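Fair warning: this is a prediction, and the values are worked out from it, not measured in the lab. Computed over heavy atoms, backbone and side chain alike; hydrogens, waters and symmetry mates excluded.
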Amino acid sequence: LKLKPSNLKVLDKSWTVLENNLISLTNQEIHIQDLSVSSGDESLSASGVISRDPKASFSVFAENLEVALINPLINKQLFGIIDGGLKMSDPYKTPTVESDFTIQQFQIENFIVGNITSSIFWSNEDELFKVNLNVEKDSLRALNLTGTYNPWNESNALDLTSKLTSADLKIAEPFMSAIFSEVEGEISGEIRVSGPVFNPKISGRGSFANAQLKVNYLNTLYRFNGAWRMDSIQIFLENLNLLDKNNRSATLEAVFTHNRFKNFRMDLNGQLDNFLVLDTSDSGNSLFYGTGVTSGDLNIAGPLNNINIQARASTGRGTKIYIPVGGASSTTTADFISFVNFTDTVATQLNEQLNKAFKISGISMNFDLEITPDAYAEIIFDRTVGDIIRGTGRGNISMAIDTKGEFTMFGDYEFVQGGYNFTMYNIVNKEFIIEPRSKITWSGDPYGGNLAIDATYEVVTSLAPLIDTV
């Protein structure tokens, strides 16, 4: 079979089949001679024999081949230029591959990994394959993988060692961008892989340095250092010391268990000390926004598709929480001042927002919070006319969000001081002072709280009418 010069479109790119090729089938063998395709400066060629004979081999060569060719098949954008080739033998029984290639300026999304060089070759003297792979960036060898592969020793086929030297943590950002961003820092250490191919023994340890990441939903940026280690079924994060933007600290320990890097489970424990856990603006969160500073204990545990987050914490100085319960375009407050029936319009609107924000399958949350007078809060009914309850207080509140997005709330909040700017139809605008010991109590429905609030309004008036009646 000879393919005539022709044009093909494969993976969104036009390729030209070059002439002088030959494909033949004889005695269950496929012989390929000078089969080449090209697209501009890129070319891919193949030649050799695909056979059950372990001495026969089949080779593929690439020149100026763009890694982006496979982007239509995956959900990440990859870039770089491949040069080199590979040779395969005995594909039907004991497949073996030798390779020698480079990838220049390999890039994942917007992150430049560096230049990759790799070689796998057969050693006749040792009767095994020798492996060598390097990743270099900015003239620094960030990753070096060396070792051997013995296809004839099934129980101890692998003997590989990987060394990380100040490797850039940002390489992980494209794979967790939905949760974290602005990932920076360095990871160093050594990992050893030995044993059978499909159930290898893994061990390693190392450290993080000058690292940081941003938790997108909370809009909080943390710097951290610490250590890591791993074995065949677990990854440990040890003595992670996190600093927020105010240089307040938290310590974390975590264990990730897995089954051959599938079915991950986690168990993370943290201790917070006046630590920033929320730093959002009005445009960043429609349910609530502000600054949250807490001290206490945090636990995140469970399989990654069914995580439970538990926290016992108290609010700290600098906490300012704003809860908008009315639309910014509203100019009336008739629906909001009937406190006895507070669960109609507002509750419906907020539950829709809440379900949208927290409808994350497999995540449940349980928070036990001690509210201190250090925390300032505002409930905003109508920001346009300034219809707002605000103040400080104390109390103990338990909040829970289950895997279906159902939100419950229990506890009491007692005002230490506060105010309510009462408005109606842009005609009435009165500032009431909320008396100390006024209280809001929740018994499940977060938007069906029982309000027991005493408020006073001071007015300057003349006593003349009273004197005239004496």
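In Arg248, the CZ atom is crowded: over 12 heavy atoms of neighbouring residues, nucleotides or ligands sit closer than 6.0 Å.
The shortest side-chain heavy-atom distance between Ile434 and Phe432 does not fall under the 4.5 Å cut-off. In this structure, the side chains of Ile108 and Leu78 come closer than 4.5 Å at one or more pairs of heavy atoms. A 4.5 Å side-chain heavy-atom check between Thr372 and Glu370 finds at least one atom pair inside the cut-off. In this structure the side chain of Phe180 reaches within 4.5 angstrom of the side chain of Val215, judged on heavy atoms. Residues Asp387 and Ile380 have side chains not in contact (no heavy-atom distance under 4.5 Å, counting atoms from C-beta outward). Looking at heavy atoms from C-beta onward, Ile371 lies in side-chain contact with Ile397 at the 4.5 angstrom threshold.
The minimum heavy-atom distance linking Leu164 with Ile187 is given by the pair CB-O, 3.9 Å. Scanning both residues, Ala311 and Leu298, for their nearest heavy atoms gives CB-CD1, 4.2 Å. In terms of heavy-atom proximity, Val197 sits nearest to Ala157 at CG2-CB, 3.9 Å. Nearest heavy-atom pair across Thr161 and Arg192 is OG1-CG, 4.1 Å. Scanning all heavy atoms of the two residues, the minimum distance from Ser155 to Pro196 falls at O-CD, 3.3 Å. The shortest non-hydrogen separation linking Met230 to Phe261 is CE-CZ, 4.0 Å.
At a threshold of 4.0 Å, the pair Glu186-Lys137 does not count as salt-bridged, since none of the basic side-chain nitrogens sits closer than that to a carboxylate oxygen. With respect to the salt-bridge test (charged N to carboxylate O, under 4.0 angstrom), the residues Arg437 and Asp454 do not qualify. Of the charged side-chain nitrogens involved, none lies within less than 4.0 Å of a carboxylate oxygen, so that Asp231 and Lys201 do not count as a salt-bridged pair. Arg223 and Glu184 are not joined by a salt bridge, as no carboxylate oxygen comes within less than 4.0 angstrom of a charged side-chain nitrogen. Ion pair Glu238/Arg229 flagged as a salt bridge, since at least one NZ, NE, NH1 or NH2 atom sits closer than 4.0 Å to an Asp/Glu carboxylate oxygen. The residues Asp297 and Arg312 are annotated as not salt-bridged, no charged nitrogen and carboxylate oxygen being separated by less than 4.0 angstrom. A salt bridge is absent between Lys320 and Glu378; no separation between the charged side-chain nitrogens and carboxylate oxygens falls under 4.0 Å.
Side chain of Thr319 to main chain of Val293: a donor-acceptor pair is present (N/O by atom type, distance under 3.5 Å, no hydrogens or angles). For Gln107 (side chain) and Glu109 (main-chain N/O), a donor-acceptor pair under 3.5 Å exists by modelled atom type. At least one donor-acceptor pair under 3.5 Å links the side chain of Ser232 to the backbone N or O of Ile202.
When only modelled atom types and interatomic distance are considered, Asn308 and Ser364 share a side-chain donor-acceptor pair under 3.5 Å. Counting only N and O atoms by type, the side chains of Tyr149 and Asp159 include no donor and acceptor under 3.5 Å apart. Thr315 and Asp374 share no side-chain donor-acceptor pair at under 3.5 Å. In this structure, a donor-acceptor pair under 3.5 Å is absent between the side chains of Gln271 and Asp273. When only modelled atom types and interatomic distance are considered, Ser438 and Glu414 share no side-chain donor-acceptor pair under 3.5 Å. Between the side chains of Asn219 and Asp279, not a single donor N or O lies within less than 3.5 Å of an accepting N or O. Side-chain contact, Asp41 with Asn64: no donor N or O sits under 3.5 Å from an acceptor N or O. Between the side chains of Ser119 and Asn132, no donor-acceptor pair of N or O atoms lies under 3.5 Å. Checked by atom type, the side-chain pair Asn246/Asn274 shows no donor-acceptor distance below 3.5 Å.
Ring geometry, Phe224 versus Phe208: the interplanar angle exceeds 60°, so the pair is classed perpendicular (tilted spans 30 to 60°). Using a 30° and 60° split on the angle between ring planes, Phe256 and Phe264 fall in the perpendicular class, above 60°.
Two rings, from Phe275 and Tyr222, have their centers less than 6.0 Å apart.
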Next on the checklist: side chain to side chain contact (heavy atoms under 4.5 Å, CB included), that's the test. Do Glu66 and Lys13 meet it? Break it down for me.
Outcome noted: CA-CA 11 Å; Glu66 295 186 5; Lys13 181 171 286 192; 3.7 Å; yes
Item to check | Leu160 vs Leu145, side chain to side chain contact (heavy atoms under 4.5 Å, CB included): CA-CA, chis, key distance, verdict | outcome: CA-CA 7 Å; Leu160 302 171; Leu145 174 66; 4.1 Å; yes
Next on the checklist: Let's go through Asp100 and Phe121 carefully: what are the C-alpha distance in whole Å and the side-chain angles of both, what is the deciding distance for side chain to side chain contact (heavy atoms under 4.5 Å, CB included) to 0.1 Å, and is it a yes or a no?
Outcome noted: CA-CA 8 Å; Asp100 188 358; Phe121 65 92; over 6 Å; no
Checklist entry - Given the rule in the side chain to side chain contact (heavy atoms under 4.5 Å, CB included) test, do Gln104 and Thr102 qualify, once you have shown the distances and angles that lead to the verdict? => result CA-CA 6 Å; Gln104 296 294 320; Thr102 63; 4.1 Å; yes
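Between Asn115 atom CG and Phe106 atom CZ the span is 11.5 Å, to the nearest 0.5 Å. A distance of 12.5 Å separates CG in Leu369 from OH in Tyr413, rounded to the nearest 0.5 Å. To the nearest 0.5 Å, atom CD1 of residue Ile103 and atom CG of residue Leu65 are 9.5 Å apart. Of the inter-residue distances, the one linking Leu221 atom CG with Leu213 atom CG reads 7.5 Å to the nearest 0.5 angstrom.
Results of the side-chain contact (heavy atoms from CB on, under 4.5 Å) test with Thr220 over Asp244, Leu276, Leu242 single out Leu276 as the only residue that passes.
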